Amino acid sequence: MNAPWKAGPGGGRDPYQAYICDDAALDVLRPVVVEMGWAPEKCNKGGLRNAVQALSISASPNILLVDLSESGDPLNDINALAEVCEPGTVVIAIGQVNDVRLYRDLLASGIHDYLLKPLNPSVLRDALVNAQAVFSAPKFADASAAKQHISTAVIGTRGGVGASTIATSLAWLFSAENKQPTALLDLDIHFGTGALSLDLEPGRGLTDAIENPSRIDGLFIERAMIRANDNLAILSAEAPINMPLMTDGAAFLQLEEEFRHAFEMTVIDLPRNMLINFPQLLTDVNVIVLVTELTLAAARDTIRMLSWLKTNAQHAQVVVVANKVQPGVGEISKADFESSIERKIDIAVAYDLKSAANAAKLGKTFCEANRASKASVAVRDIAKAVVGASDVASDDGAAPAKKSLLGKIDLKSMLSKKSPAKNPA
């Protein structure tokens, strides 16, 4: 209904349709409609249920008048109308209940105006003229708001490094502590833990978007996303394992576009396989948080990921995060790891198994459940780095590659360093 939508011509849509319960109201409506140059045949007998049934199989008009007189629960019935009504349609409700609270609730649900019976021709005419002006008014995005939007992709170099834990914590920090409207998009379609970390049911929003990208618009975003708090909404899935992912990635790009209009922050939990299959997902990402750990395999994959990002996502700032760091216990020292990837680790997050278990038991994000832990302080530093990096021009300043990917990491020397270090003379 009056949800965020894209500007554009009405196309083949009718200028108006009306679904009115009684003949007396129709007799008042038809002359006003003719006066405005519209077809009186579009004044249909029947109320809100008829409107829902008709619009479920046909295009929505520019302006819709719907009679709520026979509705026992107008607010719930309006939600049913919203499911079939295309974004941009200006809806005017007509009813018999003179209640200020109902009027306010209807406006909050997206209704443009509410008229009382018996209809007054003058009031009705003014409402239709006003609705026509609202529909015809140019719609444009606020340029300043667009500049403020920050899109962050969190990518793990290997499974189990904690990328999802950091992604959910970042989303919570942006929404709860920074008070910024935030979207969390978990693209692990079959095994995502974004909703689980927030103690929520994922719903069908993401799978519906993948199956039917043409449905994605402002109204879809509003209804498909699960609200975690006043400023945080999540879109995730737990698709059946026997349901392969059949998409060209268009749905994900459309989701990112709608997020830019509806939120100030977007956090994308982006699995490695999705990055390989849909590299276009990073087209409009401002910051990439690359989560790794201090192991040989992670060092190798960090090198490969940084090389790929340097070629395919030069516009984005890369923040390298070493997670689950245990001084003196890792396979590789921090210095050797940085030497192999030819850049510094931006932030190191300490390994804190007890705090992680506590967050899981409480059904909260890591930072929400463990606000004072050292690991949470480090994740807050990541959030600050994301906000700061988004304001800096994309230029990683890394030295050009001089070795092959395997040549950058001397596995033999690293393995040989571990034993003597534990056996001093």
Side-chain angles (χ1 to χ4, degrees), residues 152-177 184 186 188 190-200 202 228-229 232 234 236 238 267-272 289-302 305 319-338 340-341 344-386 414-415 417-419 421-422:
T152 305
V154 183
I155 308 171
T157 57
R158 297 191 62 76
V161 297
S164 295
T165 298
I166 289 178
T168 53
S169 287
L170 288 177
W172 181 82
L173 287 170
F174 293 142
S175 64
E177 296 195 352
L184 173 60
D186 186 351
D188 190 341
H190 295 88
F191 302 102
T193 58
L196 185 63
S197 299
L198 294 161
D199 197 22
L200 298 171
N229 61 40
L232 177 59
I234 179 173
S236 64
E238 287 179 7
V267 178
I268 306 172
D269 188 352
L270 185 59
R272 293 182 303 170
V289 177
L290 193 60
V291 184
T292 186
E293 57 186 359
L294 301 183
T295 64
L296 296 175
R300 177 202 64 185
D301 292 343
T302 302
M305 292 287 291
V319 179
V320 177
V321 175
N323 194 28
K324 302 181 180 180
V325 175
Q326 303 179 72
V329 179
E331 292 181 18
I332 309 175
S333 69
K334 182 180 177 183
D336 286 337
F337 191 95
E338 291 175 334
S340 67
I341 68 173
K344 293 289 186 180
I345 292 172
D346 296 296
I347 297 169
V349 182
Y351 183 64
D352 193 340
L353 180 60
K354 184 177 179 180
S355 295
N358 181 53
K361 290 178 182 178
L362 295 175
K364 297 180 179 181
T365 64
F366 186 91
C367 283
E368 182 182 8
N370 308 283
R371 298 174 187 248
S373 70
K374 292 182 179 180
S376 292
V377 172
V379 176
R380 282 181 169 81
D381 290 339
I382 300 173
K384 295 175 183 177
V386 167
M414 291 182 181
L415 287 172
K417 287 180 181 179
K418 293 194 295 180
S419 298
K422 295 182 181 180

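Note that the coordinates shown come from a computational prediction; the quantities given were computed from them, not determined experimentally.
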Student: Write out all pairs satisfying salt bridge (charged side-chain N to carboxylate O under 4.0 Å, His left out) with one or both partners inside residues 364-385, taking only residues at least two apart or from two chains.
Tutor: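 Those involving residues 364-385 are E177-R380.
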Student: Quick one: list whatever passes side-chain contact (heavy atoms from CB on, under 4.5 Å) with A359, sequence neighbours left out.
Tutor: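 A369, N370.
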Student: Quick one: side-chain hydrogen bond (donor to acceptor under 3.5 Å, both in side chains) partners of E238, sequence neighbours excluded?
Tutor: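 With sequence neighbours excluded, E238 shows a side-chain hydrogen bond (donor to acceptor under 3.5 Å, both in side chains) to no residue whatsoever.
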Student: Could you list the residues that satisfy side-chain contact (heavy atoms from CB on, under 4.5 Å) with S197, not counting sequence neighbours?
Tutor: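 side-chain contact (heavy atoms from CB on, under 4.5 Å) check on S197 returns T168, T193.
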Student: For D199, check side-chain hydrogen bond (donor to acceptor under 3.5 Å, both in side chains) against everything at least two apart and list the hits.
Tutor: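 Scan of D199 (side-chain hydrogen bond (donor to acceptor under 3.5 Å, both in side chains), adjacent residues dropped) gives none.
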Student: When rounded to the nearest 0.5 angstrom, what distance separates SG in C367 from CG in L173?
Tutor: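 That separation rounds to 4.5 Å.
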Student: Can you sort out the partners of A350 under side-chain contact (heavy atoms from CB on, under 4.5 Å), two or more places apart, ordered by chain and number?
Tutor: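 Not a single residue meets the side-chain contact (heavy atoms from CB on, under 4.5 Å) criterion with A350.
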Student: To check you understand the geometry: which heavy-atom pair defines the closest contact between A163 and I155, and what is its length?
Tutor: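 Of all heavy-atom pairs spanning A163 and I155, the closest is CB-C, 4.1 Å.
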Student: Taking side-chain hydrogen bond (donor to acceptor under 3.5 Å, both in side chains) as the definition, give me every residue that meets it alongside Q326, ordered by chain and number, with sequence neighbours left out.
Tutor: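 None.
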Student: Between V325 and I345, does a side-chain contact (heavy atoms from CB on, under 4.5 Å) hold up when you go through it step by step?
Tutor: CA-CA 12 Å; V325 175; I345 292 172; over 6 Å; no
Student: Measure the OG1-CD1 distance between T152 and I166 for me, rounded to the nearest 0.5 Å.
Tutor: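 Separation between the atoms: 12.5 Å.
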Student: Could you go through L184 and L198, starting from their C-alpha distance and side-chain angles, then the distance that decides it, and tell me whether this counts as side-chain contact (heavy atoms from CB on, under 4.5 Å)?
Tutor: CA-CA 11 Å; L184 173 60; L198 294 161; 4.3 Å; yes
Student: What residues, two or more places apart in sequence or in another chain, satisfy salt bridge (Lys or Arg N to Asp or Glu O under 4.0 Å) together with R272?
Tutor: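 By the salt bridge (Lys or Arg N to Asp or Glu O under 4.0 Å) rule, R272 matches D301.
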Student: If you round to the nearest 0.5 Å, how far is CE of M305 from CG of L290?
Tutor: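 Answer for the CG-CE pair, L290 versus M305, is 5.0 Å.
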Student: Does D186 use its side chain to pair, donor to acceptor, with the backbone of G194 at less than 3.5 Å?
Tutor: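 The answer is yes, because a donor-acceptor pair under 3.5 Å joins these two groups.
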Student: Would you mind listing every salt bridge (charged side-chain N to carboxylate O under 4.0 Å, His left out) that reaches into residues 162-172, with sequence neighbours excluded?
Tutor: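 Every candidate salt bridge (charged side-chain N to carboxylate O under 4.0 Å, His left out) pair involving residues 162-172 fails, so no pair, neighbours aside, qualifies.
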Student: Test of understanding: with salt bridge (Lys or Arg N to Asp or Glu O under 4.0 Å), list the residues that count as partners of K361, not counting sequence neighbours.
Tutor: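 Result, salt bridge (Lys or Arg N to Asp or Glu O under 4.0 Å) vs K361: none returned.
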Student: Testing the basics here: between A299 and I341, what is the closest heavy-atom pair and its distance to 0.1 Å?
Tutor: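 The pair with the smallest heavy-atom distance is O-CG2, 4.1 Å.
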Student: Write down the atom of V291, the atom of G162, and the distance for their closest heavy-atom approach.
Tutor: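 Looks like CG1-C, 4.3 Å.
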Student: Write down the atom of N229, the atom of S175, and the distance for their closest heavy-atom approach.
Tutor: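 So the minimum-distance heavy-atom pair works out to ND2-OG, 3.3 Å.
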Student: OG/S376 to CG/D352 distance, rounded to the nearest 0.5 angstrom?
Tutor: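 So the gap between those two atoms works out to 8.0 Å.
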Student: Mind listing the closest non-hydrogen atom pair of A378 and I347 along with its distance?
Tutor: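 For A378 versus I347, the nearest heavy atoms are O-CG2, 3.7 Å.
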Student: Okay, side chain of N323, backbone of V161: is any donor-acceptor separation there less than 3.5 Å?
Tutor: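 Yes, the answer is positive, given that a donor and an acceptor are paired below the 3.5 Å cut-off.
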Student: Got a sec, which residues hit side-chain hydrogen bond (donor to acceptor under 3.5 Å, both in side chains) with T165, two or more places apart in sequence or on another chain?
Tutor: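 side-chain hydrogen bond (donor to acceptor under 3.5 Å, both in side chains) list for T165, sorted by chain: empty.
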Student: For the pair D346 (side chain) and V320 (backbone), establish whether a donor and an acceptor sit closer than 3.5 Å, ignoring hydrogens and angles.
Tutor: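 Such a contact is found between D346 side chain and V320 backbone.
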Student: Could you give the distance from OG (S340) to CD1 (I332), rounded to the nearest 0.5 Å?
Tutor: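 The CD1 atom of I332 is 6.0 Å from OG of S340, to the nearest 0.5 Å.
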Student: So, for A356 and F366, which heavy atoms are closest and what is the spacing to 0.1 Å?
Tutor: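 Distance-wise, the nearest heavy atoms are N-CE1, 3.5 Å.
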Student: Taking only residues two or more places apart in sequence or in another chain, which ones pass side-chain contact (heavy atoms from CB on, under 4.5 Å) with A298?
Tutor: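 By the side-chain contact (heavy atoms from CB on, under 4.5 Å) rule, A298 matches T157, R158, T292, E293, T295.
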Student: Checking V386 against V289 for the side-chain contact (heavy atoms from CB on, under 4.5 Å) test, could you report, in this order, the C-alpha distance in whole Å, the side-chain angles of both residues, the deciding distance, and whether it holds?
Tutor: CA-CA 8 Å; V386 167; V289 177; 3.9 Å; yes
